[in-house]
Colleague: 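Take a look at the following structure, please.
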2 protein chains.
Amino acid sequence: MEDEVDRLVAAWRAERPDLDVQPLHVLSRISRLARHLDRARRAVFAAHDLEPWEFDVLTALRRAGRPYQLSPGRLLRATLVTSGTMTNRIDRLEAAGLVRRLPDPTDKRGVLVRLTDKGRTRVDAAFADLLAREHDILAGLSPAERDTLAGLLRTLLAPFDL
Amino acid sequence: MEDEVDRLVAAWRAERPDLDVQPLHVLSRISRLARHLDRARRAVFAAHDLEPWEFDVLTALRRAGRPYQLSPGRLLRATLVTSGTMTNRIDRLEAAGLVRRLPDPTDKRGVLVRLTDKGRTRVDAAFADLLAREHDILAGLSPAERDTLAGLLRTLLAPFDL
DNA sequence: GCCAGTTCTCTCGACATCAAGACATATCAT
DNA sequence: ATGATATGTCTTGATGTCGAGAGAACTGGC
């Protein structure tokens, strides 16, 4: 069975027979899968009235454990956005009642962003649904295949995590 | 050896011991890898004075084969952007001298976007460099492992391509 | 103590994208 | 022919992000 990537590779081979386009078989599929995952995530979050960026911030706080609070600085490093973006995001999450801004008692420049009860409830429900959906996406693979896949991906990822 | 994703999974297990977070081992690694690939691509393109979006449009034209031309409509479907975005992109590529807009002789509404010689040279060089970089990224895997990985990814991707 | 350099959050302006719609041309059934 | 619908491209307005920098507070060496 031929898939989209096979057709892509075939088109390149026809146009650039001088090049080794093998890498596309792995890497183009990874990029495509990531796009599909983003779409699937977006659909799950929409059912909980959350945008992907809201989920990203809320899960960072949720993973921190009680009392579910982090500084804006730690949040922006956790979510890989700039400080201007994070200020905007916290503003909107605060307006939605999902987080609160508190003064940092140990640093007068600082602020702590804390998950509200409403925020915790919301993100917990969305995360459970997300995992259910991700489970479905992996349904085509046996447990052994999933382990193999995870291992190969880990090898590929290792050089970047340095 | 523990990687970032292992730590992420451990954090979730501590906070949500009720959930099966196994899917993250595969799917979170795919998303992370895609982000790293985007960064690597961006770096390669920068050496050729190209933005990722420019590369996307130019490669769509390049893959079409001689005379390297497509309508804006086909381009936007190939690159998954909206028509407003594509108009803007073609405007800028035309200003940069990498493509030209020609009237479509068979449809008076239509336009054909054609790669200039300068555009073809540029995208060919960038693509060769990209493949070299992607080859490096896969260096940690044996040829057999790459095949296994490509096969597993294809299985995961199949349900989306319907 | 004090000053230089660092860290923290927020503000501002520029920009690429999207969604919706405008406008012209094609296509098809009647 | 004619009208209705579809198609193709471009325009417009809103939005979220980034990059640069401002202002306040912390830190360490002297």
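In what follows, chains carry the letters A, B, and so on, assigned in the order in which the sequence lines appear, proteins first and then strands, with residues in each chain numbered from 1. All of these numbers come straight from a predicted model, not from anything done at the bench.
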Colleague: Can we say Arg42(A) and Asp38(A) salt-bridge, meaning some charged N sits less than 4.0 Å from an Asp/Glu carboxylate O?
Modeller: no
Colleague: Going by an N to O cut-off under 4.0 Å, is there a salt bridge joining Arg89(A) and Asp56(A)?
Modeller: no
Colleague: Lys108(A) has a side chain; which of dG8(D), dC8(C), dC26(D) sits nearest to it?
Modeller: dC26(D)
Colleague: Which is more 5' along DNA chain C, the nucleotide nearest Val81(B) or the one nearest Leu112(A)? Just name the residue.
Modeller: Leu112(A)
Colleague: Atom CG of Asp91(B) to atom P of dT9(D): distance rounded to whole Å?
Modeller: 13 Å
Colleague: Round to the nearest Å and state the distance from Leu76(B) atom CG to dA16(C) atom P.
Modeller: 18 Å
Colleague: If you check every side-chain atom of Pro72(B), which of dT17(C), dC8(C), dC10(D) has the closest atom?
Modeller: dC10(D)
Colleague: How many whole angstroms separate atom CD1 of Ile90(A) from atom C1' of dT17(D)?
Modeller: 15 Å
Colleague: Would Asp20(A) and Arg13(A) pass as an ion pair if we require N to O under 4.0 Å?
Modeller: no
Colleague: Is there a side-chain polar atom (N or O) of Arg101(B) under 4.0 Å from OP1 or OP2 of dC10(D)?
Modeller: yes
Colleague: Could you tell me how far apart Arg74(B) (CZ) and dT9(D) (C1') are, to the nearest whole angstrom?
Modeller: 16 Å
Colleague: Between dC10(D), dC18(C), dC8(C), which nucleotide has the shortest distance from any of its atoms to the side chain of Thr82(B)?
Modeller: dC18(C)
Colleague: What nucleotide among dC10(C), dT17(D), dT17(C) has an atom nearest to a side-chain atom of Asn88(B)?
Modeller: dT17(C)
Colleague: In whole angstrom, what separates Asp107(B)'s CG from dT7(D)'s C1'?
Modeller: 8 Å
Colleague: Check for me, please, whether Trp53(B) and Phe127(B) land in the same ILVMFWY cluster - side-chain distances under 4.5 Å, paths through other members count.
Modeller: yes
Colleague: Without decimals, in angstroms, what is the distance between Glu51(B) CD and dC15(C) C1'?
Modeller: 12 Å
Colleague: Rounded to the nearest Å, what distance is computed from the CG atom of residue Asp104(A) to the P atom of nucleotide dA24(D)?
Modeller: 19 Å
Colleague: Taking any heavy-atom pair under 4.0 Å as a contact, classify Gly73(B): base, sugar-phosphate, or nothing.
Modeller: sugar-phosphate
Colleague: Does Arg109(A) or Thr85(A) map to a spot on DNA chain D nearer the 5' end, using the closest nucleotide for each?
Modeller: Thr85(A)
Colleague: Nearest whole angstrom, please: distance from the P of dA16(C) to the CG of Asp56(B).
Modeller: 15 Å
Colleague: Counting any heavy atom closer than 4.0 Å, what does Arg92(B) reach on the DNA or RNA strands: base, sugar-phosphate only, or nothing?
Modeller: sugar-phosphate
Colleague: Between Asp104(B) and Arg109(B), does any NZ, NE, NH1 or NH2 come within less than 4.0 Å of an OD or OE carboxylate oxygen?
Modeller: no
